[in-house]
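Comments concern the structure below.
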Amino acid sequence: MINEKTINDINKCIKKLAVTTAFLTMDNYIQHGDTTCLWHSIAVAYYSLFLVRLFHLRCNRQSLLMGALFHDYYLYDWHVKDPSHRFHGFRHPKTALKNTRKVRKMNEVEMDIIMKHMFPLTPFPPVYKESIIVCIVDKICSTYEVFCRNTYKLLKKECRLYSCI
Ligand SMILES: [Fe+2]
Ligand SMILES: [Fe+2]
């Protein structure tokens, strides 16, 4: 079941990002299985907000949403063999942060979400509630994507992407 308020918040965000950033181009890059970086990021954002609602957690929902949407904004296909894609698992948080900073101002929480989401593969643990949530949800979504095809059918039905991708 999809929560309407959460989907509305995500849709509002995507509407802005579609015209101000290269956010929708993430649909050109596979993340895991047949799931693209775009849908992986939307799913991580949705389920992070879902957890906050479920457990009535106090946190900065807007920072959680933005950090989750941009946590994998590295803008390349890591499956393509290229020297610049080497050590992708370790290096992509930094690339995602660099790309994100070109298109919007980030606060401390959002930067922590992006930089620390690969912990424990990367050495520094997330320090904010929001970054801990994204770090956990990212792993759950990634595992689901690796083992399943045709992922996030309901989310795909509910999210409006405001462009021909
Ligand atoms: Fe990542
Ligand atoms: Fe991710």
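All residue numbers in this chain count up from 1 along the given sequence. Whatever order the structure lists them in is the order used to number ligands and atoms, beginning at 1. The shown structure was predicted, so the numbers you read here are calculated from the model rather than taken from an experiment.
For the pairing with His40, the side chain to side chain donor-acceptor pair (under 3.5 Å) check across Thr35, Thr151, Asp72 returns one residue only, Asp72.
In the hydrophobic cluster analysis, where Ile, Leu, Val, Met, Phe, Trp and Tyr join through side-chain heavy atoms closer than 4.5 angstrom, Ile10 is grouped together with Leu24. Leu154 and Ile140 are not part of a single hydrophobic cluster, where members link through side-chain heavy atoms under 4.5 Å apart.
Taking the N/O/S atoms of His92 in turn, the shortest distance to the Fe ion (ligand 1) belongs to NE2.
Taking the ring centroids of His79 and His88, they lie at or beyond the 6.0 Å cut-off.
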Under 3.5 Å, side-chain donor or acceptor atoms of residues 41-54 against the rest of the protein: list the pairs with distances, not counting sequence neighbours.
{"from": "Ser41", "atom 1": "OG", "to": "Cys37", "atom 2": "O", "distance (Å)": "2.7"}
{"from": "Tyr46", "atom 1": "OH", "to": "Asn3", "atom 2": "N", "distance (Å)": "2.7"}
{"from": "Ser48", "atom 1": "OG", "to": "Val44", "atom 2": "O", "distance (Å)": "2.6"}

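Looking at every heavy atom in both residues, Tyr74 comes nearest to His92 through CD2-CD2, 3.6 Å.
Counting only protein N, O or S atoms, the number found under 2.8 Å from the Fe ion (ligand 2) is 4.
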